[in-house]
K.L.:
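This is the structure I have questions about; it appears just below.
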Amino acid sequence: MAKKNIDFKKIEEKWRKFWEKEEIYKFNPKSKKPIYSIDTPPPTVSGRMHIGHAFSYSQEDFIARFRRMKGFNIFYPFGTDDNGLATIRLIEREKKVKAFDLGREKFIKLVLETLKKELRPEYIADWKNIGMSCDWNIFYTTIDKHCQKITQRSFIDLYKSGREYRKKTPFMWCPECQTSIAQVEMRDKNMKSNFVYIKLDTSLGKSITIATTRPELMPACVAVHVNPSDKRYKKFIGQKAKLPLFNHEVEICANEDVDIEFGSGAVYHCTFGDMDDVEWINKMKIEPIEVMNKDGTFNEKAGKYKGMKSEKAREEIINDLKKLGVIEKIEPIEHVVNVHERCDTPIEILMTEQWFIKYLDLKKQMLVWGNKLEWYPEYMKVRYNNWIKGLKYDWSISRQRYFGVPIPVWYCKKCGEIVLPEESQLPVDPLKDKPKKKCKCGSDEFEGEKDVLDTWATSSLTPDIVRELMPKNLKAKLYPMSLRPQAHDIITFWLFNTVVKGNLHHNKNPFKDVMISGFVLDSKGKKMSKSKGNVIAPQEIVSEYGADALRFAAAGGKLGEDISYQEKDVVTGKKFITKLINASKFVFMNLKDYKPKKPKKLEKLDEGFLIELDRTIYLATSYFEDYEYSRAKFNAENFFWKFFCDFYLEAVKGRVYNGTKREKESAFYTLYTSLLAILKMMAPFTPFITEEIYQNYYKKNEKDKSIHISAWPKQDFVKKIEKWDDKNIKSHANELTLFVTLLTQIRAEKTKAKKPMNAECILTINKINYEDLKEVLEDLKNVTNAKEIKSGKQFKVEF
RNA sequence: GGUCCCGUGGUCUAGUGGUUAUGACAUCUCGUUUACACCGAGAAGAUCGCAGGUUCGAUCCCUGUCGGGACCACCA
């Protein structure tokens, strides 16, 4: 009897330790094998690994393992991304502190210590537990000195090539976190507000009514806009409007962007209520009026509202306007406000000094770069292209935070000149370190840049980061990398940014192939999120079913497509593993100390079966080469279950037990080689159990220390066939096909007669089939337990 | 609003210009046969979202439409 429960936890731990100790996945810098390099995504340290990670990292690992077995020297590093805002938030939450209260130095120290001692090791363990075959010694964290150095060097290079500039510019700002924020960090939120209609006096004598949700920005009003085709307002164009309370006058301008239907059809233009306002000052070359401080309070230009925050000021100003009698009406509305996703604070737009990478001029080239990549699946390229076509701003790379890679710049206190560090100094902290030389003006007093770089500025350099961990002579071989695996949500960020930086620095794409994975949705097809309470922890799956079972499920969906998580898929994985163990046990129960040797002549059935195996190997291999791991798995699994277990093992039992020496030799050889091929084809998916079986039964005859560094099976057990199609199968395996068809019919008859499968019977088969099956009749007799097989007119099963 | 993806038995899903349209789970029947009952054999169950078109032939290609999802933009 088989053990009811396989102790997969013990098995998995055993082999994980073995792989580590024997350095099975170590990248060998001296090897002459071709290199296959993977630009592993560095997961953001933000708690624990979630199921989306577990699936997508499993998926890239399938590829790594396949390529390793195909004879490549695998360069598969691992890093963690811990320099971003996510980390700041995590530490603030875990340690119950606020970065800005603690102060810069103390906070950085706390973050680094907490990461090193508590968070990172626990976090990385999750990745090791799902069986990733990285070389864990090629490791980086995006905040370490090495990454800082490369990030800063990139900054300096781009500055020197004229690609970077600093500019005071309207920028999305979170008054709560006191930092500029990127588009990605914003979220839409439905909020209740009031749409306030305010009458403004004009130089035309008549009043004009504007509608706004932000009346408190009135001191920053720079113009009133109306649509030139709006009959109501045509006559106002070019006139002046006077703002109540503040009594300054602004021009009434024509602007086609204005929606005639919306509100009153007249917009008052403040600096800044939203991104439209920004666009309009650029378009119309209007000088903004800055009324807000970085903490969200109004400054002296807001008059009596100075010191108040938006909400309070809004309340007050509405009251004051009411008193003046200039409010026409107030409509309560619900509208969407951009809030900072981390703290839910509505975004303000302020004038701030920011650093940019100039790249809007490169749109055409960007499209060319994207086109040179091999996209798997192909259609994902469209997302990249659309993103580029819609780009409106240069890449803002500065962030006002305490924790991150410092921008390596000093400003001369005397002349304001920008001074950069020398490469040998890197990484620098401009707040602590000093330039090596005096400023051109002779001064040696500098002010260090306080801002840090956007986390994408670092993660867009992963190909450089990882190859520079290696000896210098490999640098050229590791660029471009072979594969960038990642999920589709960050095509427009990580992938795009890396392509841009790679081309700016090296005039070459940073990788050749791009494999895009989908999301994991819940069983109903909805995105998992903590607020919905539908989150599934991969750690629990691993603990209940094992990593192999989880990986098996991860190999299920179509490439690039979101898959909905079904626990039953993991259960299927576990059943597969059990089946594999049982089948292997049976094979070696009979093979015992068999030494593999190809017999001079194979039995016809064995030959047919091996042809089918050849075809399966062909399919699995070509699918894997196209990154279609799910199809590769499907074919290998199907072959194992349907062909190997349900068909071949049953069919060959007779010969295995009672065959002649020659019959046995053929059967043994076929069992031995086909099971090994199956194990190898499944090894990328279920690395633990295939290793266990390999070590238990095959190791003594096979030279490789681990199945994972053994050679991928070749499709030449019978005859090398370049391309398999229906014709090939028919011409090569007609006996087998006929055999299977007949067997199915006989089994159906037995079931219909309510007989067990080993019930004795007398078979009559069609004369033509009988002739075709001459060489496999004995096997058919065995598997059906037929006393006799007769040739006749009609197919018949008698008991 | 733009772009992309998806819509296949009760559920999840594979796939294809001509197939008896794949598999898993669930359902039903039978079977304990020297690997496995976490098993085997078999049955039932799908007008391949809907409507047009192209074609000798469409589930597959095209157009429209409805439904689901994702990304982006907008929301004064």
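By convention in this document, chain letters (A, B, ...) are assigned in the order of the sequence lines, proteins followed by strands, and residues within each chain are numbered from 1.
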K.L.:
Need the pair for B/U63. Rule: Watson-Crick or G-U wobble, both distances under 3.5 Å, any strand; none if unpaired.
P.N.:
B/A51
K.L.:
Expressed as a whole number of Å, how far does the C1' atom of B/G69 sit from that of B/U55?
P.N.:
33 Å
K.L.:
Quick one: is the NZ or CZ of A/Lys653 closer than 6.0 Å to the six-membered ring centre of A/Phe586, and within 45° of its axis?
P.N.:
yes
K.L.:
Return the nearest nucleotide to the side chain of A/Ala583; candidates are B/G69, B/C5, B/A35.
P.N.:
B/A35
K.L.:
Need the pair for B/A41. Rule: Watson-Crick or G-U wobble, both distances under 3.5 Å, any strand; none if unpaired.
P.N.:
B/U29
K.L.:
For B/A58, which nucleotide in any strand shown is its Watson-Crick or wobble partner with both distances under 3.5 Å?
P.N.:
none
K.L.:
Under 30°, 30 to 60°, or over 60°: which ring-plane class applies to A/Phe609 and A/Tyr648, parallel, tilted or perpendicular?
P.N.:
parallel
K.L.:
Quick one, give me the B/S/- string for nucleotides 24-34 of chain B, reading 5' to 3', where B means a protein heavy atom under 4.0 Å from the base and S means that only happens at the primed atoms, P, OP1 or OP2.
P.N.:
BS----SS-BB
K.L.:
Taking atom P in both B/C5 and B/G64, what distance in whole Å separates the two?
P.N.:
14 Å
K.L.:
Where each residue is assigned the nucleotide of RNA chain B containing its nearest heavy atom, which of A/Ala748 and A/Cys645 is assigned the position nearer the 5′ end?
P.N.:
A/Cys645
K.L.:
How would you label the contact of A/Ser630 with the nucleic acid (heavy atoms, under 4.0 Å): base, sugar-phosphate, or nothing?
P.N.:
nothing
K.L.:
Which pairs count as side chain to side chain donor-acceptor pair (under 3.5 Å) when at least one residue sits in residues 739-759 of chain A, sequence neighbours excluded?
P.N.:
none
K.L.:
So which nucleotide from B/A35, B/C74, B/G42 ends up closest to the side chain of A/Lys585?
P.N.:
B/A35
K.L.:
Determine the interatomic distance between C1' on B/A46 and the same-named atom on B/G23; round to the nearest Å.
P.N.:
14 Å
K.L.:
Please verify the inter-ring angle class for A/His248 with A/Phe246; under 30° counts as parallel, over 60° as perpendicular, anything in between as tilted.
P.N.:
perpendicular
K.L.:
Please confirm whether the shortest side-chain N or O distance from A/Arg631 to OP1 or OP2 of B/G15 is below 4.0 Å.
P.N.:
yes
K.L.:
So what does A/Leu649 hit on the nucleic acid, given a heavy-atom distance under 4.0 Å: a base, only sugar-phosphate, or nothing?
P.N.:
base
K.L.:
Does any nucleotide pair with B/G1 by Watson-Crick or G-U wobble geometry, both distances under 3.5 Å, and what is it?
P.N.:
B/C72
K.L.:
How would you label the contact of A/His488 with the nucleic acid (heavy atoms, under 4.0 Å): base, sugar-phosphate, or nothing?
P.N.:
sugar-phosphate
K.L.:
Taking any heavy-atom pair under 4.0 Å as a contact, classify A/Asn638: base, sugar-phosphate, or nothing.
P.N.:
nothing
K.L.:
Distance to the ring centre below 6.0 angstrom and angle to the axis at most 45 degrees; does that hold for A/Arg484 and A/Trp494?
P.N.:
yes
K.L.:
Which residues pass the salt bridge (charged side-chain N to carboxylate O under 4.0 Å, His left out) test with A/Asp779, sequence neighbours left out?
P.N.:
A/Arg655
K.L.:
OP1 or OP2 of B/G40 sitting under 4.0 Å from any side-chain N/O of A/Trp641?
P.N.:
yes
K.L.:
How many Å lie between CZ on A/Arg214 and P on B/C75, as a whole number?
P.N.:
13 Å
K.L.:
In whole Å, measure the gap between the P atoms of B/A35 and B/G40 for me.
P.N.:
14 Å
K.L.:
Using the C1' atom as the reference point in each nucleotide, state the distance between B/C66 and B/G9 in Å, no decimals.
P.N.:
22 Å
K.L.:
Using a cut-off of 4.0 Å on non-hydrogen atoms, how would the nucleic acid contact of A/Val571 be classed: base, sugar-phosphate, or nothing?
P.N.:
nothing
K.L.:
Nearest to the side chain of A/Glu650 - B/C74, B/A35, B/C4?
P.N.:
B/A35
K.L.:
Could you work out which one of B/A70, B/C72, B/A35 sits closest to the side chain of A/Phe519?
P.N.:
B/A70
K.L.:
Go through the steps for A/Glu348 and A/Arg214 under the test salt bridge (Lys or Arg N to Asp or Glu O under 4.0 Å), then give the verdict.
P.N.:
CA-CA 11 Å; A/Glu348 296 290 356; A/Arg214 300 290 305 270; 2.9 Å; yes
K.L.:
Taking only the P atom of each, what is the distance from B/C4 to B/C39 in whole angstrom?
P.N.:
44 Å
K.L.:
Between A/Phe634 and A/Phe647, name the one whose nearest nucleotide on RNA chain B is closer to the 5' end.
P.N.:
A/Phe634
K.L.:
Could you give the distance separating B/G49 and B/G67 at their C1' atoms, to the nearest angstrom?
P.N.:
8 Å
K.L.:
Using the P atoms only, state how far B/U65 lies from B/U47, rounded to an integer number of Å.
P.N.:
25 Å
K.L.:
Would you say NZ of A/Lys363 has more than 12 non-hydrogen atoms from neighbouring residues, nucleotides or ligands within 6.0 angstrom?
P.N.:
yes
K.L.:
For B/U19, which nucleotide in any strand shown is its Watson-Crick or wobble partner with both distances under 3.5 Å?
P.N.:
none
K.L.:
Would you verify whether the NZ or CZ of A/Lys633 falls within 45 degrees of the ring axis of A/Phe552 while also being under 6.0 Å from that six-membered ring's centre?
P.N.:
yes
K.L.:
Of all the choices, B/U3, B/G40, B/C12, which nucleotide is nearest to the side chain of A/Ser564 once you look at every atom?
P.N.:
B/C12
